[in-house]
Every structure is written in structure tokens, then in C-alpha cells.
Number of protein chains: 2
Amino acid sequence: MTVSNAFPEIEPILSTTMADVVEEKLRTYFRDKGFSPGDALPKEVELAEALQVSRNVVREALSRLRMLGMIETRKRRGMILAEPDVLSGLERLLDPQLLGKDVMKQLFELRLVLEIGMGDLLFMRRKETDLQILQQIVEDELKATSHVERVECDIRFHGTLYRMTGNETLGRFQKLLVPMFQYIIENEAGPDGQTAVGAVSHAGLLAILRHGDPTSFREAMKKHLDPHFLFL
Amino acid sequence: MTVSNAFPEIEPILSTTMADVVEEKLRTYFRDKGFSPGDALPKEVELAEALQVSRNVVREALSRLRMLGMIETRKRRGMILAEPDVLSGLERLLDPQLLGKDVMKQLFELRLVLEIGMGDLLFMRRKETDLQILQQIVEDELKATSHVERVECDIRFHGTLYRMTGNETLGRFQKLLVPMFQYIIENEAGPDGQTAVGAVSHAGLLAILRHGDPTSFREAMKKHLDPHFLFL
DNA sequence: GAATGTAAATATGTAGTACATAATTACTTG
DNA sequence: CAAGTAATTATGTACTACATATTTACATTC
């Protein structure tokens, strides 16, 4: 348990370590020296000597960059700058147990914004095969008997929409968010334990994707998500 | 320079190190053991002994988690689990020099989706003071003489919109994206060096924010951003 | 005895050495 | 000259030693 702080607005000082400094220095060094993905980087000992720190500290800093995918290392061959995965940092942090309720709520809002705003991309890139997949999900949903089955169909439907945007980053981001909202559903279910349902169904959204336009899709998606807006 | 690979689809194997494994183990350990932010964590030596690795390896893993804000350490006092900053991982990676063109494009699309989709949040939370700030920016834009001044007003206007959503994560995310798009503007300017302008101006958006509704705002924002959609 | 000052204890931070391991390079041999 | 082998080398891991900050306990002073 944490001791109650008499001055909650004053946060304790967190000392910056050598690893922090070196990490920052390395990043700016690689950036300002114009290193591009694929370029070979100096050896650990050279960096340690240049920065006047132990190899230990350099390795801690490099380990951080390696986690983010900024560098790749192979024995004997040395290090190269790599093209990092934008979401590598996020995926470790999107944990409902770690994040506060306020952040969770903001992420949920973000989801609503994304799904309402993605209409244009969807109409630019929708394919018949994807529409058929959505159709199948809608049918599965109708045949579903249990609540969990319906939730699963809901996730599949919306997940498919993200994929249909043709924006891989967006699609992967959504995949990271799903467990977060599942946690919300499981732990903070509504008073009746049922998920509220909007005025527009998945079938309605699909019909608009087939025969409508981005504008009507946005309106329909807003109506579909409307129950969620009540909690904001 | 990288040697041309005869099998570009086959990626070289990246050996997983002890630090990788330990980092993963620690994260799952903290999660599954029900640790909450503020809880004290085992000492480095204890972790090293339990995992049968050197303290060095443990420190590399902990250094990664510390970078993400998942843990905080103070001398003698030990480590505590902390509430991480969701965007701490992102901010290090959102570097136009590091990310590929494809990812950059996807982030740009993401921006368009966000700004079209944020209408509802804006109308839920708009305040008169913020509308006045937007008004000021619109006037500044009219008085602007140079191209850079107009770009600066553009950034301020859109940045203010993000802030007005009341979603801090969204607002901070946008701040991280700005340098990315500035890089695009500077290095990949259109043929005439001018930024294309949409059918709806900032003044038009502001008028809708004052007297319109989310639906009309979404349409107006789409028209405002329309020139950008041409590049997708 | 409360307040203040001081010394011991302790967990993290940094430095340094040694060696293991993998992968390249150079060399040798048939 | 091809194939196999040994030397080389940069990263990965382990271990030791010590610095540093901060708590805890103790001692001193009024």
C-alpha cells in the first residue's frame, strides 16, 4: 500500500539515470547524423568510450531501442538501424490493469471517433469479398444463441471494418484495443448485464456500405454507437 | 549500404535474448500476480535469482519497463509498479526519418479519420472560450502575410480542435503527429509548393461549431480535408 | 521527551573484467 | 578452386566491486 501523501500535487523526484541520458543521446545522434534504416551503427564499446560511460549503461540504452525495434543486433555483425514498428511501444502498454480509468475512457472515446470517421476510407476501398464476410457475420449473429456469441460477432464485425479501411496501422491498433474493451465489458457490465444496442444494426451498416455513401454511413455508425455515447 | 537480398520475403532470424525473455516474463508476472500501480516489486537481486539470470539481464529488462513508465525506481527504496503513459512508447517512434512512407501515409489517413470523427465530442464539450480562441486564430490567419504564417495558423486551429475534444490522449497524440506532417509538407511539397485548400474554410468550420450540429460538422470537415483525400 | 543531528544499513546505479556464443574472415588442404 | 577449418570479432551473459541516495536506527541536545 502506498502511504497517503499529504501533498498529492507534488510528485516525488525521479532521478534520471545515465541510461536515460544515453538513450536520448543515441536517438538524437542517429537522427541528426542522418542514419537511415539499414545503416550500420558504431560498436557498443565505441559508443561507451565516446560517451564516457560503461558498456553496461550503453547496453541498457540499446536494449530499450531494440525493444522498440529501432535497432537490430546480430552477433559479430554489429548493429543496424531498423525501421521500427510504430505500435511496438503501444502493445506493451495497452493493458487494462495498468492504465487508469480516465485513460481507458479516452481510448474508448477514441474508438468511437475512429469508427465514425472511417466511413470515407471504407467507401474508397470496400471490396465485394469483404462485404460478403460482413454478410456472413451478420447471419452468424442472427443465429447466435448466447450473449458471448453475439459479443464475439460484434467484435468480428467491427474488426472487419477496421481491416477494410486498408490501413494496416489502424487495423492493428484496433486489435490491440479489443482486449481492453472486453475487460470493460466483463468487469463493468451494465446494470442488467446486457449490452445496449443502437438504433442501427450491423445489418443496417452493411446495407449502407453496399448501397449508401460515406455521409449516410457516418450517421448510421453514430446511431449504432449511440448507446455508448450516453456513458461519456 | 545493405547488400541486396535475393529473397526479400525471407527475413533474417533475430535471436531472442535473455533480456527479451525476462522482460516478457516480468510483464506477465506483474500482470498475473495482480500487481497494481503503487505496489512494491521484488528487488533486482531477488528477480535475478528467481529467474536464474544475472542481475545484468534483469536490469536490461527493467530498464525497458522503466522507459515505458511501467515501473519507477528510487535508490534504496526499491521499485514500484507505476501507471504508465500510454503514449510514451509512441513518442519515441513517431520520427519521420525512421518510419517508412507507407506507415507515414497510414498515420496521415488516421488524422483524417480522427478529425472527421471527432465532431460529436466537440459538440458535447465545446466551450465559449475555446470558440473565441478559434475565432482569434481565424482572424490571425486572415492577417497572415506569408505561407509559413498560414501553415502555423492551420496547425493551431486543428490542434485547438483536438484539445477541445476534452480527450487528453487524443490531444497529446495530435501533438506528436504535427512534426510528422510538417516533415511531409517540407520535403514533399506539392508541385506548386502551395497547400491545397478545401471547399470549407476554418471560418466555415467555426461557424458550424457555433450554430451547427455534429452531422454538418462532419460533412464540413470532410470538405475541408478533401484535397488531402486526393493523395490517398 | 520531543526535536535534531549522525551513523549504519540497503537497494539501485555505474564501472570493469572475463568468458560464451555466433558469425564472419582468412587460411589451408585436397 | 572448392570445401573445409581455424582465427577473429562483436554481441550476450555472468560476476565482482564500489558509488550513491535514502531510509532506519541510534545518539545527542535542549
Side-chain angles (χ1 to χ4, degrees), chain A residues 1-7 10-26 30 38-82, chain B residues 1-6 10-26 30 35 38-82:
Chain A
M1 289 298 115
T2 43
V3 177
S4 61
N5 193 336
F7 304 96
I10 300 181
E11 293 189 3
I13 298 158
L14 293 177
S15 61
T16 66
T17 66
M18 286 290 180
D20 295 324
V21 178
V22 170
E23 182 217 327
E24 171 73 20
K25 280 211 171 197
L26 288 179
F30 296 154
D39 291 352
L41 302 177
K43 294 172 276 199
E44 291 180 356
V45 279
E46 292 174 353
L47 292 172
E49 197 170 346
L51 294 164
Q52 285 290 296
V53 294
S54 77
R55 188 170 157 233
N56 229 328
V57 169
V58 172
R59 277 189 62 81
E60 279 194 27
L62 290 172
S63 183
R64 299 177 176 190
L65 304 186
R66 192 161 40 240
M67 175 187 67
L68 297 175
M70 287 178 62
I71 61 176
E72 289 176 0
T73 62
R74 307 246 295 280
K75 280 187 179 171
R76 157 82 207 221
R77 213 173 130 171
M79 298 180 287
I80 60 171
L81 201 65
Chain B
M1 289 297 114
T2 43
V3 177
S4 62
N5 193 336
I10 301 180
E11 294 187 2
I13 298 156
L14 293 177
S15 61
T16 65
T17 66
M18 286 289 181
D20 295 324
V21 178
V22 170
E23 181 217 327
E24 171 73 20
K25 280 211 171 196
L26 288 178
F30 296 154
F35 281 98
D39 291 353
L41 302 177
K43 293 172 277 201
E44 291 180 356
V45 279
E46 292 174 353
L47 292 172
E49 197 169 346
L51 293 164
Q52 285 291 296
V53 293
S54 78
R55 187 170 157 233
N56 226 328
V57 170
V58 173
R59 277 190 63 81
E60 279 194 28
L62 290 172
S63 183
R64 300 177 176 189
L65 303 186
R66 192 160 42 239
M67 175 186 66
L68 297 175
M70 288 178 62
I71 62 175
E72 289 176 0
T73 63
R74 307 246 295 281
K75 280 186 180 175
R76 156 83 207 218
R77 212 170 134 172
M79 296 179 289
I80 60 171
L81 202 65

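A, B, ... follow the sequence lines: proteins, then strands. Residue 1 opens every chain.
Each of A/L47, A/D39, A/L65 was scored for a side chain to side chain contact (heavy atoms under 4.5 Å, CB included) with A/M79, with one residue passing: A/L47.
Look at CD on A/E44: it is 11 Å from P on D/dT13, rounded to the nearest Å. Here C/dA23 presents its C1' atom at 16 Å from CD of A/E72, a figure rounded to the nearest Å. As a whole-Å value, the separation of A/R76 CZ from C/dA23 C1' is 7 Å. A/E46 has its CD atom 13 Å from the C1' atom of D/dT11, to the nearest Å. The nearest whole Å value for the distance from the CZ atom in A/R55 to the C1' atom in C/dA18 is 11 Å. One atom, CZ of A/R59, and another, P of C/dT14, lie 16 Å apart when rounded to the nearest Å. Taking atom CE on A/M18 and atom C1' on C/dG16, their separation rounds to 15 Å, with Å as the unit. Between the CG atom of A/L62 and the P atom of D/dT11 there is a distance of 8 Å, rounded to whole Å.
Residues A/K75 and A/Q52 each lie close to DNA chain C; by heavy-atom proximity, the contact nearer the 5' end of the strand is made by A/Q52. Position along DNA chain D of the nearest nucleotide to A/S15 versus B/S15 favours B/S15 as the more 5'-ward residue.
Atoms CG and CG, on B/L26 and B/L41 in that order, are 9.0 Å from each other to the nearest 0.5 Å. Rounding to the nearest 0.5 Å gives a distance of 6.0 Å between CG of B/L62 and CD of B/E44. In this structure, CG in A/L68 is found 7.5 Å from CD in A/E23, a value given to the nearest 0.5 Å.
You won't find any donor-acceptor pair under 3.5 Å spanning the side chain of B/R74 and the base of C/dG13, going by distance alone. One cannot find a donor-acceptor pair under 3.5 Å joining the base of D/dG12 and the side-chain atoms of B/N56.
Close to C/dG13, at under 4.0 Å from its OP1 or OP2, lies a side-chain N or O of B/T73. Using a 4.0 Å cut-off, some side-chain N or O of B/R66 falls inside it from OP1 or OP2 of C/dG13. Distances shorter than 4.0 Å separate some side-chain N or O of B/K43 from OP1 or OP2 on C/dA11. Within the structure, every side-chain polar atom (N or O) of A/R77 is placed at least 4.0 Å from both OP1 and OP2 of C/dA22.
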Exercise for review: Dump the intermediate steps for side-chain contact (heavy atoms from CB on, under 4.5 Å) on B/V58 and B/E49, then the final yes or no.
Suggested key: CA-CA 10 Å; B/V58 173; B/E49 197 169 346; over 6 Å; no
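Relative to the side chain of A/S54, the nucleotides D/dG12, C/dT14, C/dA11 differ in distance, and C/dT14 lies closest.
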